[in-house]
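Since this is a predicted model, take the numbers as computed values, not measurements. Reminder, nothing fancy here: chain letters follow the sequence lines and each chain counts from 1.
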Protein chains: 2
Amino acid sequence: MTRILIADDHAMFADGIASILQAEADIEVVGRCLDGPSAIEFLKKDKKVDILLLDVNLPNMSGIDVCKKVVEDHKQTKVLAISMFNEESFVTEILNNGAMGYILKNTGREELLKAIHTILGGKSYFSKDVTQTIMKGLMKNRKGGNESSKKALPKISRREKEVLDLIIKEHTTQEIANQLFISLKTVESHRSNLLAKLNVRNTAGLVRIAIENNLLAKSN
Amino acid sequence: MTRILIADDHAMFADGIASILQAEADIEVVGRCLDGPSAIEFLKKDKKVDILLLDVNLPNMSGIDVCKKVVEDHKQTKVLAISMFNEESFVTEILNNGAMGYILKNTGREELLKAIHTILGGKSYFSKDVTQTIMKGLMKNRKGGNESSKKALPKISRREKEVLDLIIKEHTTQEIANQLFISLKTVESHRSNLLAKLNVRNTAGLVRIAIENNLLAKSN
DNA sequence: GGAAAATTAGGGGATTACCCTTAAAGTAAA
DNA sequence: TTTACTTTAAGGGTAATCCCCTAATTTTCC
């Protein structure tokens, strides 16, 4: 028997889902919560909830935060996010916080059940529309990163890249000098040039830019 | 008229695609290359290629590197990656390097044409299977990041997170102290604790860990 | 209500990073 | 072949980080 908890502030919607699920022989709806804190409370008392059907947009405490807490404190409970909105930010945020799936509220009965069973099986599930949204967002980042928008960061020379790579790996200037068999002063030069070229103030900026533009360990 | 260049080391496959495309009234196959360097050469001479159908796994020079070069030097040419393999690493790599789409070699005529027209329209296109692969990979990262595998980085307190956030933004310890209205020495304490907690040697490590685990600007 | 953790703060010292300038030798492209 | 960039290196100085220690107050959690 699969035990399911529903967390949604729209009572009617929660009821609708509950009635769909109650009709299934192998599913039991163990509770309905209208906000985040009460869902957390419920899980503290009932440790055997298999799936939390969680609305992403909840009052008091956002679904994101609820999801985070549930994933941390109740590893036996899997989170299936439900939302009115097919927004990339919502999807990525809650996935980043441990949700196993994301479906939209216009999802039909069959798909809801399919999502639940998929997640129970340890796999993840997303509505078709959600998948498309994610892929689009993924591409936007890529495009921004490769052709137009980005400030087209100036060319970093081969040696500078080697130095940068070692900086990111937490090596000091002296260590870098030893590893590359060059003088401490030379490495300092490269560092200065990197700071100027990448237009940052210090090591923190270097690491940030390098990671953001994945300048590290690439064929170049 | 859409001008297409095919780059694939399997001559028979390249011929097959060519014959499919030639049958289309609005498409002209302007060339077939058997490896990366020759494709690059071709594009240097013919500046009006609209789409490069690029095999990800090419001899001599990998499709990834070819794609990178094409996106950099021939912005009018869009890259549609083709591959035998529905491998996450291939897909993400070539997308990271500016490809506009990724289809598998078992793709039928209709889907190939659909992909081409979609890309011509400035949008991205992926085979269904490819999309699923990406989503799976995306989830693996998330899961690894939230429950099991990862070294479950120790809890960073609210104040430490604030300090870390400002470090990443390239502020010095003194500046951070001023902004948070606390002593320089206090910020130094937080810094030391962060270094110890995250098990890194210096600022570079802090920034790297923070970005990798996106500890920044989160509700917490 | 008491233990644990977080936040605050200091002294003092060692190491490292950053800044400015200069400059020679090697490399690649126009 | 000249120009531009890269790589190398140095002197001399300032600023910032890192390290070790201690310790009081406050907050948080069981």
Return the minimal non-hydrogen interatomic distance between A/A39 and A/C33, and the atom names on each side.
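Closest heavy-atom pair between A/A39 and A/C33: CA-SG, 3.6 Å.
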
Nearest-angstrom distance from the residue atom [atom1] of [X] to [atom2] of [N]:
X	N	atom1	atom2	answer
A/N193	C/dC20	CG	C1'	13 Å
A/I176	C/dC18	CD1	P	10 Å
A/K197	D/dA4	NZ	C1'	12 Å
A/E162	D/dT6	CD	P	14 Å
B/I156	C/dA5	CD1	C1'	13 Å
A/R158	C/dT27	CZ	C1'	11 Å
A/L194	D/dT6	CG	C1'	12 Å
B/E170	C/dA17	CD	P	16 Å

Verdict with supporting geometry, B/K161 and B/D165, salt bridge (Lys or Arg N to Asp or Glu O under 4.0 Å):
CA-CA 6 Å; B/K161 192 166 289 186; B/D165 197 58; over 6 Å; no

Give the intermediate values and the outcome of salt bridge (Lys or Arg N to Asp or Glu O under 4.0 Å) for residues B/D46 and B/R3.
CA-CA 10 Å; B/D46 186 337; B/R3 296 166 53 81; 2.2 Å; yes

Return no unless some side-chain N or O of [X] is found under 4.0 Å from OP1 or OP2 of [N].
X	N	result
B/H190	C/dT8	yes
B/K161	C/dT7	no
B/R159	C/dA5	no
B/S183	C/dG10	yes
A/T186	D/dA9	yes
B/S157	C/dA6	no

Quick test: give all pairs of protein nitrogen or oxygen and nucleotides 17-19 of chain D nitrogen or oxygen below 3.5 Å, distance rounded to 0.1 Å.
residue, atom, partner, partner atom, Å
D/dT17, OP1, B/R191, NH1, 3.3
D/dT17, OP2, B/T173, N, 2.7
D/dT17, OP2, B/T173, OG1, 2.5
D/dC18, OP1, B/T203, N, 2.6
D/dC18, OP1, B/T203, OG1, 3.1
D/dC18, OP2, B/R191, NE, 3.1
D/dC18, N4, B/E188, OE2, 3.1

Between A/T203 and B/N202, do the side chains contain a donor N or O and an acceptor N or O under 3.5 Å apart?
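Side-chain D/A pair, B/N202 to A/T203: absent.
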
Is the number of heavy atoms from other residues, nucleotides or ligands under 6.0 Å of B/K105 NZ greater than 12?
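It does: B/K105 NZ has more than 12 such atoms within range.
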
Does atom CG of B/N178 have more than 12 heavy-atom neighbours, drawn from other residues, nucleotides or ligands, at distances under 6.0 Å?
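Check passes, neighbour count above 12.
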
Just verifying a value: how many Å separate A/M100 CE and A/T77 OG1, rounded to the nearest 0.5 Å?
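Separation between the atoms: 12.5 Å.
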
How sharply is the helix from C/dG1-D/dC30 to C/dA30-D/dT1 bent, taking the axes over five pairs at either end and rounding to 10 degrees?
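Comparing the axis at each end, I get an angle of 80°.
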
Output, in order, the C-alpha distance, side-chain angles, deciding distance and verdict of salt bridge (Lys or Arg N to Asp or Glu O under 4.0 Å) for A/R191 and A/E160.
CA-CA 8 Å; A/R191 272 192 109 118; A/E160 283 164 354; over 6 Å; no

Going through the checks in order, is the salt bridge (Lys or Arg N to Asp or Glu O under 4.0 Å) test met by B/R201 and A/E175?
CA-CA 13 Å; B/R201 297 176 64 193; A/E175 287 169 355; 2.7 Å; yes

